Peer 1: 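Here it is, the structure in full.
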Amino acid sequence: MARSALLHVMVQAALKAGRSLSRDFGEVQNLQVSLKGPGDYVSQADRKAEDIVRSELMRARPTYDFLGEEGGETKGSDGAHRWIVDPLDGTTNFLHGIPIFGVSIALERNDEIVAGVIFNPAMDELYTAERGGGAFLNDRRLRVAARRKLSDAVIATGVPHLGRGHHGKFLIELRNVMGEVAGVRRTGSAALDLAFTAAGRFDGYWEKNINAWDIAAGMLLVREAGGFVTDLEGGNRMFENGTVLAGNEYIHKALKDAVQRPGLSPDK
Ligand code: LIP
């Protein structure tokens with residue numbers, strides 16, 4: 001599998017940040033039993049990972065914009081390119097010693113995602129994609145799952161929690177979906193939900209209240225694996241609306257219909 005120079009830089013940044021997260025994850029597991037928990041420690045691990053990614057990427061392309069979950073946006077002089085980075089997607093999992101988290105790095109060119117890397121150090125899984133070049137898990141080419149019926153499908157989602165709105169609306173969506181599918185999963189990492197969809201492990205995925213850095217790299221993975229990714233209305237405004245829906249051609253449509261079907265209870 002040939003990687004462009006830019007993808008190589010992104011992979012090196014993700015591996016380096018992932019190794020740092022791995023070391024900190026060991027300590028987080030030790031801190032679980034303390035009353036205060038590892039909260040402050042995790043914030044530091046998150047910032048450290050973002051610093052690593054930022055310095056690796058900016059060293060290679062100093063004029064590109066940089067948008068990171070921790071440090072926000074830094075404008076570069078380039079005008080056409082932007083890095084979109086979540087140094088630790090799945091923070092709550094990491095905090096609780098659950099080994100489902102990852103580094104997510106995307107490159108946007110003229111408002112289009114052209115390269116994406118997601119690395120889960122706990123599973124040693126490196127996902128890469130370049131526009132037009134396919135999606136890969138380590139060295140294996142990925143295809144989305146071929147199942148066509150929701151009744152055979154395992155669907156991932158994100159469950160809103162304390163501090164997130166639309167709990168009632170989510171319950172309506174979930175009720176619509178859960179009655180029609182083989183299973184619903186919640187990993188706690190949007191980046192990995194999309195990566196698992198690209199790998200055919202999940203047949204589909206939807207989530208609301210999501211940020212660009214959670215989904216930018218994963219969106220490209222799914223598309224390069226032959227899948228569809230839109231916002232919940234079927235449009236291309238995922239970053240603006242903060243919603244995402246993914247799957248193969250058939251599951252994407254059926255899932256969109258199920259999620260959008262009006263429910264009985266009012267929104268809260
Ligand atoms: C997380 C997302 C996840 C969502 C969580 C959270 P973070 O991102 O990946 O899908 O359900 O609420 O937003 O905060 O771990 O980078």
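Computed from a predicted structure; not experimentally measured. Start at 1 and go down the list; that is how both ligands and their atoms are numbered.
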Peer 1: Could you list the cluster mates of Tyr205? Members are the ILVMFWY residues connected by side-chain heavy atoms closer than 4.5 Å, either directly or through other members.
Peer 2: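 Answer for Tyr205: Leu67, Ile84, Ile113, Val144, Leu194, Ile210, Trp213, Ile215, Met219, Leu220, Val222, Val229, Met238, Phe239, Val244.
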
Peer 1: Taking only residues two or more places apart in sequence, or in another chain, which ones meet Arg61 in a side-chain contact (heavy atoms from CB on, under 4.5 Å)?
Peer 2: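 Expected list: Leu6, Tyr64, Trp83.
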
Peer 1: Check each protein residue for a heavy atom under 4.0 Å from ligand 1 and list those that pass, ordered by chain and number.
Peer 2: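 Within 4.0 Å of ligand 1, the protein residues are Glu69, Asp86, Leu88, Asp89, Gly90, Thr91, His161, Arg164, Arg186, Gly188, Ser189, Ala190, Glu207, Ile210, Asp214.
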
Peer 1: Tell me who clusters with Tyr250, hydrophobic residues only, linked when side chains sit under 4.5 Å apart either directly or through other members.
Peer 2: none

Peer 1: Under 6.0 Å from the NZ atom of Lys48, do we count more than 12 heavy atoms belonging to anything else shown?
Peer 2: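 Yes, because the 6.0 Å sphere around NZ of Lys48 holds more than 12 heavy atoms from other groups.
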
Peer 1: Might you confirm whether atom CZ of Arg148 has over 12 heavy atoms from other residues, nucleotides or ligands at distances under 6.0 Å?
Peer 2: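 Not buried by this count: 12 neighbours or fewer within 6.0 Å.
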
Peer 1: Quiz question: by atom type and distance under 3.5 Å, do the side chains of Arg3 and His8 form a donor-acceptor pair?
Peer 2: no

